[in-house]
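Have a look at the structure below before the remarks.
Only heavy atoms go into these numbers, but all of them, side chains included; no hydrogens, no water, no symmetry mates. To find a chain, count down the sequence lines: A is the first, B the second, and so on, and within it residues start at 1.
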There are 2 protein chains.
Amino acid sequence: MQRKTTQRTAIEQVFDREDRPLGIDEILRLGRSQVESLNQATVYRNLKLLLDKGWLAQINHPAMGVLYERAGKGHHHHFHCRDCNRVFELPGCTLNQQAAAPEGFVVEDHEIFLFGVCPSCAASSE
Amino acid sequence: MQRKTTQRTAIEQVFDREDRPLGIDEILRLGRSQVESLNQATVYRNLKLLLDKGWLAQINHPAMGVLYERAGKGHHHHFHCRDCNRVFELPGCTLNQQAAAPEGFVVEDHEIFLFGVCPSCAASSE
DNA sequence: GTCGTTGCAAAGCCTTTGCAGGGAA
DNA sequence: TTCCCTGCAAAGGCTTTGCAACGAC
């Protein structure tokens, strides 16, 4: 049976608090502000455990590499802000999936990454 | 000045011949069928050189990791066949970029990855 | 003969794993 | 007391780099 540890709890809280896809470095940094001794290996092990459990999902971002986000949010896409370098989850989907590929291709799924400036950066640069 | 070597020529020919995004392993394997002694370090060095030169472009595929493709093909997307595991370049773009994100987000660019079955695999499975 | 390139091996990243000690139940 | 979990360090992959020999020009 799985036990409740301060380390795993800290990692889970980081995701709940940030509510956006996070990279290993951020998870480790934010987690350490809560549990100073938090080890990198522990983070990796818990991320894997939370993935298997279905609590987290993994995404491979074109510019940011591997990121982790809360699972179970349904189909959505990602936005990467070139200013603050954060990745946001965008609800909804406007893509006509089958129309996106030429005749002959059977499209079953897709992923979209958007790049630009997020609302808070856009506001602060005016 | 840059010199013409059999190794670099072999790598370039692999891309011309396949005409699709390739991973390191494929480049190395296909290149070795032409230049037996082709070394991994040489491939990495030449890929970097061809990237800097603007002859190649790098893509970070969600499922396939880092891939390389001929540069200068204009805006396009990628299709990954779950049968043959190859990645194809799809011309055109049907996405209304700004409509894909909520109010406040300034969208400047995007990338789309499609997943499914390619025409040749779809035909052979019937 | 230059000096850009190559092959080999060593070194760097990032991630995973082995192990003994520690802590949740 | 059990045995899951953690920290540390070593080991694995993949990519880059140092170096001497090679070969394009």
Quick one: is [X] getting a side-chain N or O under 4.0 Å of the [N] phosphate, OP1 or OP2?
X: Arg8(A); N: dC5(D); value: yes
X: Gln7(B); N: dG7(C); value: yes
X: Thr5(B); N: dT6(C); value: yes
X: Arg3(B); N: dG23(D); value: no

Could you state the [atom1]-[atom2] distance from [X] to [N], rounded to the nearest angstrom?
X: Leu28(B); N: dT16(D); atom1: CG; atom2: P; result: 14 Å
X: Lys4(A); N: dG22(C); atom1: NZ; atom2: P; result: 24 Å
X: Leu50(A); N: dC5(D); atom1: CG; atom2: P; result: 11 Å
X: Asp52(A); N: dT16(C); atom1: CG; atom2: C1'; result: 14 Å
X: Lys48(B); N: dT6(C); atom1: NZ; atom2: P; result: 15 Å
X: Leu47(B); N: dT5(C); atom1: CG; atom2: C1'; result: 15 Å
X: Asn46(B); N: dT5(C); atom1: CG; atom2: C1'; result: 8 Å
X: Leu49(B); N: dG4(C); atom1: CG; atom2: C1'; result: 10 Å

- Query: Do you know which two heavy atoms are closest between Leu28(A) and Leu38(A), and how far apart they sit?
  - Reply: CD1-O, 4.0 Å
- Query: Taking all atoms of both residues into account, what is the closest heavy-atom pair of Gly31(A) and Ala10(A), and its distance?
  - Reply: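 Closest approach of Gly31(A) to Ala10(A), heavy atoms only: O-CB, 4.4 Å.
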- Task: Establish, from distance only, whether the side-chain atoms of Gln34(A) and Arg17(A) form a donor-acceptor pair under 3.5 Å.
- Result: yes
- Message: Between Asp19(A) and Arg70(A), does any NZ, NE, NH1 or NH2 come within less than 4.0 Å of an OD or OE carboxylate oxygen?
- Response: no
- Taking the side chain as every heavy atom from C-beta outward, state whether Pro21(B) and Tyr68(B) have any atom pair closer than 4.5 Å.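 Pro21(B) does not reach Tyr68(B) side chain to side chain.
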- Message: Let's see if you get this right: which residues in residues 29-43 of chain A place a heavy atom under 4.0 Å from DNA chain C?
- Response: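 Gln40(A), Ala41(A), in order of number.
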- Scan Phe88(A), Phe79(A), Phe115(A) and name whichever one has a ring pair (Phe, Tyr, Trp, His ring centres under 6.0 Å) with His61(A).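 Among Phe88(A), Phe79(A), Phe115(A), the one meeting ring pair (Phe, Tyr, Trp, His ring centres under 6.0 Å) with His61(A) is Phe115(A).
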- Message: Suppose we call a contact any N or O donor and acceptor under 3.5 Å apart; does that hold for the side chain of Arg45(A) and the base of dG7(D)?
- Response: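 Flag set: donor-acceptor pair detected.
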- Query: Does the Gln40(B) side chain pair with the main chain of Asp25(B), one donor and one acceptor, at a distance under 3.5 Å?
  - Reply: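 No, the answer is negative, given that no donor and acceptor are paired below the 3.5 Å cut-off.
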